[in-house]
Number of protein chains: 2
Amino acid sequence: MSLNTAINPNVSVDCVVFGFDNEKLNVLLIQQKLPSTKEQRYALPGDLILDNESLDTAANRVLKEISGLSGIFLKQFRAFGDPDRVSNIKDLEFLKSYRKNPQARVITIAYFALVRMENFKPEASSFAEKVFWQDVTELPDLSFDHTKIVSQALEKLRHDFIRDKTGFELLPERFTLGQIQKLYEIILNENLDKRNFRKKILKEELVKATNQKQTGVLHKPARLYKINN
Amino acid sequence: MSLNTAINPNVSVDCVVFGFDNEKLNVLLIQQKLPSTKEQRYALPGDLILDNESLDTAANRVLKEISGLSGIFLKQFRAFGDPDRVSNIKDLEFLKSYRKNPQARVITIAYFALVRMENFKPEASSFAEKVFWQDVTELPDLSFDHTKIVSQALEKLRHDFIRDKTGFELLPERFTLGQIQKLYEIILNENLDKRNFRKKILKEELVKATNQKQTGVLHKPARLYKINN
DNA sequence: TCAAAAGTGTTAAAAGTACACCCATGA
DNA sequence: TCATGGGTGTACTTTTAACACTTTTGA
């Protein structure tokens, strides 16, 4: 096996990083740096893998190089490899600027993650002009097949979220039951019954009441809870 | 985009085809053709993709070329791309016989399927010396990282099987409730309560009673059912 | 008559679902 | 005093789980 860091011209990784801000579900996008035109093109952070790194390593490296974000658990969820996934002429222009072999047919391995937005402040570098959080309900057109990738990532997110009963780590250290409920409602995109939701969450004992309360709110202050370890 | 059929030296597909024979769960393996040695090496059917075909197409083509099997619904489940997934010296020997660039680092996209064994009689060709069904509980050592791929395919199979309540197509046209139960028990690898299982299956109405019965069995003959369309 | 799998119901516990009113706070 | 989200209980339905004996057939 070679130990150099040659670029593998046929395989890339793309990262769908979802961010939650107590209000909306967002996804991390980049605005591509396009030397020759003023038009704005958006995409997921992603790039070719190196020939001596694992896919997981590549995903973390690429995300960091483009957006500055690290320490995020990225989970592989699917390979996308239609021969014509780069069919738009504008995408080809972009590739010509940044790749040795822009015509090469590239298979991409897609990763996704879910984080608390306020903990991760993206900063653009490499071929990203900007990096920003975008409301998933208001996605612009994306380059390549990235719209499809985001939509399949969302499906996967919802599926895993229900199954694993996880997601508390997306909340502040102390949080109200209302905030958890909102988190679930936003990710699952449906309304839940307050009493039933509380019953269930408390029964599972993933969460523990503190004796603190909210302050400064325009309504009855809610009790604060924390993760139960 | 190129329209030729150049081989993509960096991406392959591997197929985990599970076969059910009313008794056991099996997986389709090949014995590799090794010109220089008499040693026997086993592997999943798999090969490099062509540069102008989709991943799904590649999976179906490769399976057919190696084993003769076609008309099987193959579902992508994961990419495997550790840089050292080809670490065994014997695997390298095999690659030297069949690949232009045997040292190339290859990422593989793994597919799985579940079929009724008696409907698919594999016939070896290409670099397969033999193709055969192997009991999943008695797997030999496999080449590359194929043992890992099979074990993750099994997990995925069980997960999807429960969720989708499918699998009746693995039974003969007319079947008994006992046969369905056995199918579930073999795939899920656990014992189920007969009365509860029947109640559930019948409630779902995926299955319809006929007025035929088994004949020639050494016990009370069971009523035959068929798929309810 | 024996062995083997078919066939059959009840009960209890747990989980899910629908639903409406009062409370504490800051403006 | 008002608007806002917090907080609470009950009744009903559905789902799951545990459990044992009789029946029919061919050998």
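Just so it is clear, the structure is predicted and the values come from calculations on it, not from any experiment. Every heavy atom of this structure was used, including side-chain atoms; hydrogens, water molecules and symmetry mates were not. Throughout, a chain's letter reflects where its sequence line sits, starting with A, and its residues are numbered from 1.
- Applying the side chain to side chain contact (heavy atoms under 4.5 Å, CB included) rule to A/L202 yields the partners A/L177, A/V207, A/Y225; only residues at least two apart in sequence or on another chain are considered.
- In this structure, the ring of A/F94 has its center less than 6.0 angstrom from the ring center of A/F127.
- Side chain of B/T108 to main chain of B/S12: a donor-acceptor pair is present (N/O by atom type, distance under 3.5 Å, no hydrogens or angles).
- Residues forming a side chain to side chain contact (heavy atoms under 4.5 Å, CB included) with B/V217 (at least two apart in sequence, or on another chain): B/Q214, B/H219, B/P221.
- By the side chain to side chain contact (heavy atoms under 4.5 Å, CB included) test, B/K199 is found to be paired with B/N196, residues two or more places apart in sequence or in another chain being considered.
- Contacts between chain B and DNA chain C, taken as any atom within less than 4.0 angstrom of a protein heavy atom, begin and end at C/dA3 to C/dT10.
- The structure places CZ of B/F18 at 6.0 Å from CG of B/L25, a figure rounded to the nearest 0.5 Å.
- Partners of A/S67 according to the side-chain hydrogen bond (donor to acceptor under 3.5 Å, both in side chains) rule, which considers only residues two or more places apart in sequence or in another chain, do not exist here.
- A donor-acceptor distance shorter than 3.5 angstrom exists from the side chain of A/E185 to the backbone of A/L192, with no hydrogens or angles considered.
- For B/K64, the side chain to side chain contact (heavy atoms under 4.5 Å, CB included) partners are B/S70, not counting sequence neighbours.
- Taken residue by residue, residues 188-198 of chain B places heavy atoms nearer than 4.0 Å to DNA chain D at B/D193, B/R195, B/N196.
- Within residues 168-179 of chain B, no residue has any heavy atom under 4.0 Å from DNA chain D.
- Applying the ring-ring contact (aromatic ring centres under 6.0 Å, His included) definition to pairs two or more places apart or across chains, those involving residues 178-205 of chain A are A/F161-A/Y184, A/Y184-A/F197.
- Partners of A/F73 according to the ring pair (Phe, Tyr, Trp, His ring centres under 6.0 Å) rule, which considers only residues two or more places apart in sequence or in another chain, do not exist here.
- Annotation: side chain of A/D91 is in contact with side chain of A/R41 (closest heavy-atom distance under 4.5 Å).
- The heavy-atom pair separating A/L171 from A/N22 by the smallest distance is CD2-OD1, 4.3 Å.
- A salt bridge is absent between B/D14 and B/K148; no separation between the charged side-chain nitrogens and carboxylate oxygens falls under 4.0 Å.
- Of the residues in residues 200-209 of chain B, those with a non-hydrogen atom less than 4.0 angstrom from any atom of DNA chain D are B/K200, B/K203.
- Less than 4.0 Å separates DNA chain D from at least one heavy atom of each of the following residues of residues 213-226 of chain B: B/V217, B/L218, B/H219, B/K220, B/P221.
- The backbone N or O of A/Q212 sits less than 3.5 Å from a side-chain atom of A/T210, completing a donor-acceptor pair.
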